2 protein chains.
Amino acid sequence: MRNTTITDIAKKLKISASTVSRALNDYPDINEETKNQVKMLAKKLNYWPNPIARSLKSNRTNVIGVIVPEIKHDFFSSAISGIEEVAYHSGYTILVCQSNESYDREVINTNALMHQRVAGFIVSISQSTTNGDHFKALLDRKIPLVFFDRAFDQLPAIKVVIDDAKSSCRAVTHLIERGYKKIAHFSGPIAMEISKQRLKGYKNALKKANLPILNELIRYGGLQESDGYASMDALIKENVIPDAIFAVNDPVAIGAFQRINEAGLKIPDDIAIVGFSNNKITSLIEPPMTTVNQPSYEMGEKAAEILIEMIEKKKTHNENKAIVFEAELVVRKST
Amino acid sequence: MRNTTITDIAKKLKISASTVSRALNDYPDINEETKNQVKMLAKKLNYWPNPIARSLKSNRTNVIGVIVPEIKHDFFSSAISGIEEVAYHSGYTILVCQSNESYDREVINTNALMHQRVAGFIVSISQSTTNGDHFKALLDRKIPLVFFDRAFDQLPAIKVVIDDAKSSCRAVTHLIERGYKKIAHFSGPIAMEISKQRLKGYKNALKKANLPILNELIRYGGLQESDGYASMDALIKENVIPDAIFAVNDPVAIGAFQRINEAGLKIPDDIAIVGFSNNKITSLIEPPMTTVNQPSYEMGEKAAEILIEMIEKKKTHNENKAIVFEAELVVRKST
DNA sequence: TTTGCTTATGCAAACGATTTCGGAAAAACA
DNA sequence: TGTTTTTCCGAAATCGTTTGCATAAGCAAA
C-alpha cells in the first residue's frame, strides 16, 4: 500500500499539484469549490502530507531532541515523561538519546540529532562533559537549546534546574537539627556545576550553625557508587569518622552506605546519611535513606514549554537564564 | 551557518554532484584521485549527508518508533533504555511516545510515526486497546513491528514477553515451599492474556504439590488496587481466610495488603502475599512485598535487536512468534 | 477596441541526495 | 588506422511539497 500524495489528488481532479497544495493550506486565492473538492478527496484517500518532503523544503522538523545521561534513571525517565506530554499536546514528537555519561557519545548524539534537523534540544549533560563546542554549534545555527538539571554553564542558554545550593543547605541543616555535628560531604567532579552548588549549600549550612568547615571532611570523587565507597573507605582508613554524611547524589550515598555496613557501623546511630535525587533504591535499602526529591516530571514539562515557545517564536536565546524549581527533603530513617 | 551540501563540494571541485555522491559512497567507477579529493574536502567542510533528503528518496529513515503506555514507569523506562542502547550501536535513533493508557492516543501516535516514515515499531499496547486496526495498517505497509510485554495477540507479529504461566507457577511454588497451604489467587480480567496465563501458573503449582484447586479461593477482578481490596474484603466477609495470596499484579496485591492490615491480620504470619511486576511501591511498604521481576532492560534490547534485523533484512514478519524471557522471583519479607 | 484589473490556476524551480542512462575520452586490440 | 572495450563522469529524473512568477479568462472602464 502506497501513501497518497498531493499529485495523486491533482491527477484525479485534473488540476495541478500546486493548486492542491494551496487548497489544502487554505490559500485565499483558490476557488471555494476547488478547495472543497480537494479537501474531500484528500479525506477520502486518507491523505497525510509527507513530513519529510516538508522538512526538506523548510529545513526543520516537528521533532524535539532529548539527550540525557541514562533513560532508565528515575529522574530522567520521569522528566522525559513530562517532556513528551507537553510535546504531544503541541504537535511534536521526541527523539531520545542517552549519553551513558560519555562525552564522546554526547557529542555524537548531538551531531546526529542536529543533522536530522530537530527543531530544538533539551539536554542534561553527561558527567564527563567539560567542553561545550557541540552545544555552541547549536547556538551558532540558531537551534533552540534548553538544559535541565545538569547544565553547561559557560554557554548563554536557558536552564531548568533546582536550587542545588538551597536544597543542599536544607538537607545539611536537617542533619544539624537532628544533632549531628561532624558532617562530611562527598562531592562530585569539581568542574560540574551541581558539585559546586551542593558543596556551597553544605558550607552555608555549617556556617549558619557556626560549625567549622573542615577540609578533611570534604571528599571529591565521581558520581558513581564506587566513588562513594572509595571516599568512605578513605575516611575509615584515615580514621576520620564523621557522625553524618551528605552525599552529592544517591549513588554516591549508596556506595558510602555499603562501606559503612561493611565496617560494622550502624546507620543512623553511628553515622547518618543523606543522598540527593530520591532514586528508587534509597527507599529499598534498610534503613531507607533520607534524600532530596527533585520535581522531575514538572521540570521536564517546563523545559518543553520553554523550548517550544522558543521554536515557535523564533526567539534567539542568547541569555543565560535559569528557571529554578523547589526541591523537597524526603526524611527517612537514615537520619 | 549553513550546512555543507553535496553541491557545495561539487562546485568547489568543479565536478558534478553525482560524482561527489558516488565518491562519498565509494562507487567503484570513480577515479581514486577524485575520490580522495572529494573525501578530503568533505571532511574539511564538515560535510554530513542530509538524512531528510535521503529519506525523501528512499522513503525510509533510521528512526525506530517506540510507543509505551507511560515512559516514567520503571518497567518501560528501563526497556526504552535497552532499546536505545541497541539502536545507538546500529545507527538508529528512537522516537518515543506514550499513550497514557489511552487507545485514541495510541492510534494517533502510531499514525504520526508511520507518516514520519519510521523504519519500524516497538510497541507495548495500552490497557484500553481492543482494536488493532492501527497496527494492521503497519503490517499492510510492510513496516516491521515488534510488541513487547503487552502484545496485541490477534495479529501475526513478533512479541517479546515473559512466560507468565511459568513465573506464576514459580511464585506460588515459593509460597508452598514456605509452608503455606491455603493459597488464594486474585486474578485480573478473564479476557486478558496475562490473567489467563497467571491463573494457569497458579493452578499448575497447586497441582504439582497435590494441593486442591478451590474455586472459592480464586477471585476475578480488575487490575487496580481497589479490585484487590474488594477481593480481600469479600474473602473476609465470607470468612474464607487463606494463609497466602498470589495476586495478578502489584496494584491488586497492594489493595489486598491494605485490607489485610485493616483487618488487623499480620503479614506474613497470618497471611503471606506475592505480587507481580516489581513495582517500586512493593519495596516501600512494610513489610516489603515479594513479587516477580521482569527483565525489562534485556527485553528492550531483544526487541530492538529483532526489529533491526527485520528492518535490515527486509524480512516479512507475518508470523506470530513469541520470544520468552525468564522472570525472576524477588523474595521479600511478605512471604 | 484597447487597456487594466481581478480571480483562479499552472509552470517550473527549489530543497539535497541518489540513480539511471548514456557519452566522451582513453586504452586496448586487430 | 579502425574498432571495441574500459574508465570515468555528467545530465537529468526522482522523491513530495512549497512558492515565485506567469498567464488565461472574465469583466469593467475608457
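The structure presented is a predicted model; accordingly, all values stated were derived computationally and were not measured. Letters A, B, ... are given to chains in the order of the sequence lines, protein chains preceding strands, and every chain is numbered from 1.
Rounded to an integer number of Å, the gap from CG of Asn59(A) to C1' of dA14(C) is 13 Å. Between the C1' atom of dT17(D) and the CD1 atom of Ile52(A) lies a distance of 12 Å, rounded to the nearest Å. Atom OH of Tyr47(A) and atom C1' of dT17(D) are 7 Å apart (whole Å). Between Glu33(A) atom CD and dT9(C) atom C1' the separation is 14 Å, expressed in whole Å. We find that CH2 of Trp48(A) is positioned 13 Å from P of dT17(D), with the value rounded to whole Å. For the pair Ile6(A) CD1 and dA12(C) P, the computed distance is 18 Å after rounding to whole Å. Residue Asp8(B) contributes atom CG, which lies 15 Å from atom P of dA14(C) at whole-angstrom precision. Remark: C1' of dG16(C) and CD of Gln116(A) are 15 Å apart, rounded to the nearest angstrom.
Checking dG16(C), dA8(C), dG10(C) against the side-chain heavy atoms of Ser18(A) singles out dG10(C) as nearest. Side-chain proximity of Asn25(A) to dT9(C), dT18(D), dA17(C): nearest is dT18(D). Which of dC8(D), dG10(C), dT19(D) sits closest to the side chain of Ser21(A) comes down to dT19(D). Nearest nucleotide to the side chain of Asn50(B), out of dA17(C), dT19(D), dC15(C): dA17(C). For Asn31(B), counting side-chain heavy atoms from C-beta on, the closest listed nucleotide (dG10(D), dC8(D), dG16(D)) is dC8(D).
At dT18(D), one or more side-chain N or O atoms of Arg54(A) fall inside 4.0 Å of OP1 or OP2 (strictly under the cut-off). Put simply, Thr5(A) has no side-chain N or O that comes within less than 4.0 Å of OP1 or OP2 on dG16(D). At dC9(D), none of the side-chain N or O atoms of Thr19(B) fall inside 4.0 Å of OP1 or OP2 (strictly under the cut-off).
The shortest distance between side-chain heavy atoms of Gln116(A) and Thr61(A) does not fall below 4.5 Å.
Ser16(A) and Thr19(A) are linked by a side-chain donor-acceptor pair at a separation below 3.5 angstrom, with hydrogens and angles left out of the test. With no hydrogens or angles considered, a side-chain donor-acceptor pair links Ser81(B) and Gln98(A) at under 3.5 Å.
Contact annotation: side chain of Ser58(B) to base of dC15(D), donor-acceptor pair absent below 3.5 Å. Residue Lys57(B) places a side-chain atom within donor-acceptor reach of the base of dT14(D), judged by atom type and a 3.5 Å distance cut-off alone. With hydrogens and angles left out, the side chain of Arg22(B) and the base of dT20(C) share a donor-acceptor pair within 3.5 Å. A donor-acceptor contact under 3.5 Å is not formed by the side chain of Arg117(A) with the base of dG16(C).
Of the residues Thr130(B), Thr129(B), Asn131(B), the one that meets the side-chain contact (heavy atoms from CB on, under 4.5 Å) test with Phe152(B) is Thr129(B).
Residues Tyr27(B) and Leu56(B) each lie close to DNA chain C; by heavy-atom proximity, the contact nearer the 5' end of the strand is made by Leu56(B). Across the interface with DNA chain D, nearest-nucleotide mapping of Thr7(A) and Asp29(B) shows Asp29(B) to be the residue nearer the 5′ end.
Annotation: the span from Gln294(A) atom CD to Phe148(A) atom CZ amounts to 10.0 Å, rounded to 0.5 Å.
In this structure, Thr34(B) reaches the sugar-phosphate backbone alone: every heavy-atom distance under 4.0 Å involves primed, P, OP1 or OP2 atoms, never a base.
If you look at Tyr47(A) and His115(B), their ring centroids are not closer than 6.0 Å.
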